[in-house]
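Below you'll find the structure, written out as C-alpha cells, and then a few comments.
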Amino acid sequence: MAATGNADTTVGHGELIETVERALTAHGRAVLTGPAGSGKTEVLLAVAAAATGRRERVLRLAPEAADQWIPEASAAALLAGVPHSALERLAPPQRAAIALLRREADAPGAGRDHVALRLAVVEVLRTLADRSPLLLVLDNAQWLDAETTDLLRFALRLTPAGVRVLVAECVQGGAPVAETLCGPGAPTVRVPPLGADEVAELLARHGLPARLAGRIHQASGGNPRLALAFGHSLAEARDGAAHHADTLPLSGQAREVARRLLAEAPARAHRTLLLAALAARPTVALLRRAGRPDAEAELAEAERAALVTVRDDGAVEFTAGALPTALAADAGWPERAAGHAALAAAVDDPVQAVRHRALAVDTPDEELAAEITEAAAASRRRGRRALAAELGLLAAERTPPGRPAAELARLVGAAEDAGWAGRADLARRAARAVLARDASPADRVRARLAVIDAAGQALADLDETFAHARADAAADPSLQAAVQLRIAWKLNLSDGDPVRSRAAAAEAGVLAATGGDQVAEAMALTVRARMGRILGDPAAEDILAEALRLPAPEVPLGMRNAPQYLAVRHALFDDRLADAHEQLLVLLPAVRRTGSAEDVFEVLRSLTEVELRRGRCAAGRDHARRALELTIEAGLSPGPAWYVAATAEATAGSFARATGYARRGIQASEEEHDQVFLSRSLFALGQVELATGETARAVATLRRVAELEAAQQVVDPSVLRWHGELAEALVAADAPEEAADLVGSVRTVALGLGRAGVVAALDRARGLVLSARGETDAAVALLEETADRFDGLELPLERGRTLLALARVERRRRRRAPARAALRTAAQIFAQAGAKPWTDLATEAPAGPAAGPDGAPGHPGAAALTEAETRLALLVGQGASNQEAADRLFVSVKTVEARLTRIYQKLDVRSRAQLATALRAR
C-alpha cells in the first residue's frame with residue numbers, strides 16, 4: 001500500500017501546513033480535502049514529519065484505488081505498521097483476530113471475530129497513545145474499503161484524547177468518508193490551487209523553464225501534479241526550448257492526470273461538460289438551450305468534483321484549462337460536431353454562431369469561409385485579435401482547393417492577427433502554412449514578421465527568421481524598413497547594444513522614407529530617441545519631437561513602439577508624473593481597442609511605476625496585479641510582469657513577496673536572454689535586500705546591475721536608478737570611499753542632463769557617506785535639504801526614505817529627539833501613501849541606536865552592525881587587540897580604530913568591556 005506520492009508539491013503550502021497543525025491542536029481531528037494532485041499527500045507527509053520530530057508516534061495509511069474492493073485490506077495494512085510490543089498486551093481473542101486478519105488480508109475469513117477485531121484496534125490505539133502522543137494519518141480516504149471504514153469509525157469514537165487523526169480525501173460527488181471517520185464538527189481544510197508565482201517556483205525546483213509558468217498555471221489551474229506533468233511534457237517534446245506561448249501538449253502524463261480529474265464527475269455530466277468545453281463563454285442558460293435541460297444539476301456535481309466553477313450570473317469556468325482540452329480531445333468527431341451544431345443554434349453572438357457552424361463540418365465551403373472571414377474582421381474591430389487569428393485559420397481550412405489566393409490571404413491575415421495578439425502558437429502555425437504555399441515575397445515577410453512580433457521578449461533565437469525576412473524584403477523599401485525596425489528592437493532587448501540598435505533604426509528610417517511609409521518612419525525615429533536617451537544624447541528629445549510631428553494613425557507595430565508612448569516614458573524618467581499619468585489614461589482605452597495584449601501590459605506597467613512614485617501605492621499595486629493577470633491570460637513573456645509585481649510588492653505589499661517575484665523575473669529574463677528586464681529584476685531584488693538589511697547580497701546584486709548596464713552602454717541614470725541604491729549599500733558594507741566615487745561620477749552626468757530626481761537620490765547616498773566619514777553635521781544638513789527637494793519634486797516615498805536616513809545619522813550623533821521626529825514624519829508619509837513595508841520599517845524601529853544598512857532604522861531582527869563591523873566586534877569582544885584584529889581581518893590598525901569608533905557609537909558603549917557585555921545581551 002504505497003503512498004500516492006506527488007512530486008515536491010509543498011511549494012506554496014507553508015501556511016496550509018500551519019493551518020492543519022492548528023486544527024489538530026485545537027480539535028484533535030482534521031480533514032484535508034482537494035482534487036487529485038493538489039498536494040494533499042505532501043501536506044500530510046510534512047505534518048507527519050513534524051510530529052515525528054516532536055517524538056510523537058505516527059501511524060500512516062495510504063490505500064490505493066484497488067484496495068477499496070478488498071474487505072478489510074486497509075485495516076490489515078494499518079495494523080501491519082503497529083509494533084509487536086503493542087500487540088502483546090491484547091487479550092487472546094483480540095490477538096487471534098489480528099493474526100487472522102494478517103494471514104487473510106486478501107479475502108475475508110469465514111470465522112473471523114469482528115467484535116474482537118474492533119476491540120483489538122481500540123486497545124492498540126490506546127496502548128500506543130499511553131506511551132507517547134499518537135498521530136493517525138489516513139491518506140486517500142476515498143479508497144478505504146467499506147469494512148475498514150466501519151472498523152475505524154467505531155475505533156476512533158473510543159480513542160483517548162492523545163490520539164490525533166488527520167484524514168485526507170479527494171473531492172468527489174459521493175458522501176465524504178473523512179467526515180464519517182472524524183465525526184461532525186471536525187475542521188475541514190481545503191488545499192487551494194497554487195498561484196502563478198507558486199507554479200513558477202515549482203517549475204524552477206524541478207529544473208523547468210519559469211517563463212512557461214503563466215501558460216502552465218492557466219492550463220493546470222494551479223494543480224501541482226498537472227502543472228509538473230505539463231512542464232515535463234514540454235521539456236521532453238521540445239528539449240526544454242519551448243516558447244512561453246506555445247500550445248501546451250496535452251499528452252502522456254498530463255493527459256492522464258486530466259482524465260483522472262474528469263473521472264471524478266458522474267458519467268451523466270460529461271455531455272454537459274463537453275458542450276461547456278466547446279463553447280467560448282459557456283453559461284448554464286446556453287447549455288440548457290443547447291439541449292441539456294439538467295445542466296444546472298450536472299454542473300453542480302462537476303463543481304463538487306472541483307472541475308468547474310459556476311458564477312452567480314450562470315457563467316461556467318473550468319478550474320483548469322487542460323480540462324476542456326481533454327474533454328474535446330477524448331470526444332469523437334461526431335460528438336464534437338453535434339455539440340458545435342447545437343451551440344451554433346443556441347448562442348446569441350453572431351461571430352460565435354459562425355465559428356460553431358464552421359466547426360460542425362469538415363468540408364470546404366467558400367460561402368462559409370467568407371462568413372468566417374467576416375467574423376474574423378468583426379473580432380478584429382472589437383479588439384479581439386486572438387479570436388480573429390483563430391477564425392482566420394479556420395476560414396483558410398474551409399476554403400475550397402480552387403481558391404489558393406483567398407486561402408493565402410486568410411492565412412497571412414491570421415498570422416498578423418496572431419502576431420498582434422502575442423499568440424506565438426497561432427502565428428507559427430499560420431506562418432508555416434504560408435511558407436508551405438506559393439506565396440509572394442511580401443506575404444512571406446508578413447508571415448515571418450508576425451512570428452517575430454508574437455515572440456515578445458524572446459527574440460534571441462529568431463536569427464534565422466530575421467535572415468529569411470531580410471532576404472524576402474530585399475526588393476521593397478517599406479518591407480525592408482519593417483524588418484530593420486524589428487532588428488533594432490532585438491539589438492537592444494536581446495543583445496543589449498543600444499548603439500547598433502540606434503544605427504539599425506536610422507537605416508529603417510531612411511528605408512521607410514524611401515517607401516513613403518510615415519508610420520514606420522515615426523517608429524524608426526522613436527527607436528532612435530529611445531536609444532539616444534539611454535546613451536545620454538541630449539538630442540534625443542528633439543528626435544522624439546520630430547517623431548511626434550508625423551501622422552499617428554492606428555499603429556500597426558504596437559503602441560508600445562510609438563512616439564506617443566515613449567513621450568510618456570520620458571515624462572516618467574523626468575519625474576513629470578502628473579503629465580505621465582494624464583497621458584497614460586488617454587492611451588489605456590486606445591490600446592484596449594487595438595487588441596494588443598503587449599500594448600495593454602506596457603501601459604499598465606507604466607501606470608504602476610507612476611502611481612508608486614506618486615505615493616499612490618494601492619493604485620499602483622492594483623495596476624501591477626492586472627498586468628500580471630494579463631500576462632498569464634495572454635501568454636506574454638513573464639519576465640516583465642514579475643518585475644512589475646516585485647516593484648509593487650516592495651513598495652505596497654511585502655518584502656518577502658517582492659523577493660519571490662524578483663527572483664522569478666531574473667530567471668525568466670535569463671531564459672529568454674532579455675537583458676533589459678534582467679537588469680530591472682535584479683535592481684528590484686537589490687532594493688529589497690538593501691531595505692531588509694542583507695548588505696552583502698545587496699552589494700553583489702546591485703554590482704551585477706551595474707555590470708549589465710555598463711555592458712548595455714547605458715549613460716542616462718534616470719532610466720534605471722540603481723546608482724544611489726548601490727552607493728547606500730556600499731556605505732553599509734563599510735566601503736564609503738567607493739560609494740563616494742560612484743556618487744561623484746554619476747552625479748556629474750545627472751547634473752549635466754538635468755535629472756533632478758536622480759541628483760537628489762545620489763545626495764541621499766552622499767549624506768550617508770559624510771556620516772560614515774564622521775562629518776555628521778554636514779550629513780544632517782544635506783539630508784534635510786534633500787528631503788525638502790524630494791518634497792518639491794512630489795516624490796513622497798523618496799522623501800520618507802531620506803528621513804529614515806536622517807534618523808539614523810541623528811542617532812549616531814545621539815540626538816534622539818530629532819531622530820524620533822524624523823522617524824515619525826517618515827512613518828506618516830509611508831502610511832498615507834499605503835507603503836506598508838516601509839511603514840513597518842519606520843514604526844517598528846528599535847528605540848536604541850540600531851539601524852539597518854540603508855541608512856534607515858533596521859527592520860525587526862536586522863543587525864545594527866554591518867558584516868565587517870560585526871566580525872570586528874566579535875574579535876574585540878573576545879579579547880583581541882587592535883593589532884591582532886587587524887591581522888585577522890587583513891586591514892590596517894587605523895581601519896580597525898575607525899570601525900571601533902562607529903561600533904561604539906552604534907551600540908552606545910564606551911569600552912571593550914561594555915562592548916563584550918552588549919554583544920552577549922544581543
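Heavy-atom basis, side chains included; hydrogens, waters and symmetry copies ignored. Remember, it's a predicted structure, so these values are computed and weren't measured experimentally.
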Quick check against the 3.5 Å criterion: does [X] have a side-chain atom that pairs as donor or acceptor with the backbone of [Y]?
X    : Y    : answer
E407 : P400 : no
R289 : A346 : yes
T608 : A624 : yes
D365 : L368 : yes
S220 : G222 : yes
S596 : A421 : no
Y565 : E602 : yes
R355 : V351 : no
N223 : A36  : yes

Are any of the side-chain heavy atoms of [X] and [Y] separated by less than 4.5 Å?
X    : Y    : result
L391 : S379 : yes
L628 : V644 : no
R470 : I487 : yes
L286 : L343 : yes
L194 : P224 : yes
P364 : R398 : no
L393 : E390 : no
E264 : R304 : no

Atom of [X], atom of [Y] and distance for their closest heavy-atom approach:
X    : Y    : value
V316 : L299 : CG2-CD1, 3.7 Å
L261 : P35  : CD2-CB, 4.1 Å
D517 : S478 : CB-OG, 4.1 Å
L327 : F318 : CD1-CE2, 3.7 Å
A627 : A641 : O-CB, 4.5 Å
P589 : L585 : CD-O, 3.1 Å

Answer yes when [X] and [Y] have at least one side-chain N-carboxylate O distance shorter than 4.0 Å, and no when they do not.
X    : Y    : result
D348 : R281 : no
D453 : R486 : yes
R268 : D294 : no
E367 : R357 : no
R255 : D330 : yes

_Testing the 3.5 Å rule here: is there a donor-acceptor pair between the side chains of T272 and R292?_
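Result is yes, a qualifying pair exists.
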_We want to know whether T373 and R410 form a side-chain donor-acceptor pair, criterion being a heavy-atom distance below 3.5 angstrom._
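There is such a pair (donor and acceptor under 3.5 Å, judged by atom type) between the side chains of T373 and R410.
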*V586/Q583 under side chain to side chain contact (heavy atoms under 4.5 Å, CB included): CA gap, chis, key distance, verdict*: CA-CA 5 Å; V586 173; Q583 294 173 56; 5.6 Å; no
_Intermediate values then yes/no, side chain to side chain contact (heavy atoms under 4.5 Å, CB included), Q352 and L387_ = CA-CA 10 Å; Q352 289 299 326; L387 178 58; 3.8 Å; yes
*What residues form a ring pair (Phe, Tyr, Trp, His ring centres under 6.0 Å) with H340, not counting sequence neighbours?*
H356
*Please assess E298 against L287 for the test side chain to side chain contact (heavy atoms under 4.5 Å, CB included), listing each intermediate value before the final yes or no.*
CA-CA 11 Å; E298 291 166 347; L287 297 175; over 6 Å; no
Pairwise distance [atom1]([X]) to [atom2]([Y]) - rounded to 0.5 angstrom:
X    : Y    : atom1 : atom2 : value
M559 : L588 : CE    : CG    : 11.0 Å
R626 : L630 : CZ    : CG    : 9.5 Å
R437 : R432 : CZ    : CZ    : 12.0 Å
W489 : R530 : CH2   : CZ    : 9.0 Å
L584 : L607 : CG    : CG    : 4.5 Å
L491 : Q484 : CG    : CD    : 8.5 Å

*Yes or no on salt bridge (charged side-chain N to carboxylate O under 4.0 Å, His left out) for D472 and R444, after CA distance, side-chain angles and deciding distance?*
CA-CA 7 Å; D472 285 333; R444 292 199 298 270; 3.1 Å; yes
_Can you pull out every salt bridge (Lys or Arg N to Asp or Glu O under 4.0 Å) where at least one residue sits in residues 336-345? Sequence neighbours excluded, please._
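Sorted result for residues 336-345: empty, none.
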*D599 and its side chain to side chain donor-acceptor pair (under 3.5 Å) partner, picked from R560, R593, R592*: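 Result for side chain to side chain donor-acceptor pair (under 3.5 Å) with D599: R560.
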_With a 6.0 Å cut-off (strictly less than), is the heavy-atom count around CD of E296, excluding the residue itself, greater than 12?_
no
*Is D313 atom CG crowded by more than 12 heavy atoms from other residues, nucleotides or ligands, each under 6.0 Å away?*
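Yes - once you tally the heavy atoms of other residues, nucleotides and ligands closer than 6.0 Å, there are more than 12.
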*Just do the side chain to side chain donor-acceptor pair (under 3.5 Å) check on T309 and E317 with the steps written out, would you?*
CA-CA 5 Å; T309 299; E317 296 177 4; 5.8 Å; no
_Taking side chain to side chain donor-acceptor pair (under 3.5 Å) as the definition, give me every residue that meets it alongside R260, ordered by chain and number, with sequence neighbours left out._
none
*Can F466 and L462 be said to form a side chain to side chain contact (heavy atoms under 4.5 Å, CB included), step by step?*
CA-CA 6 Å; F466 278 108; L462 294 177; 4.1 Å; yes
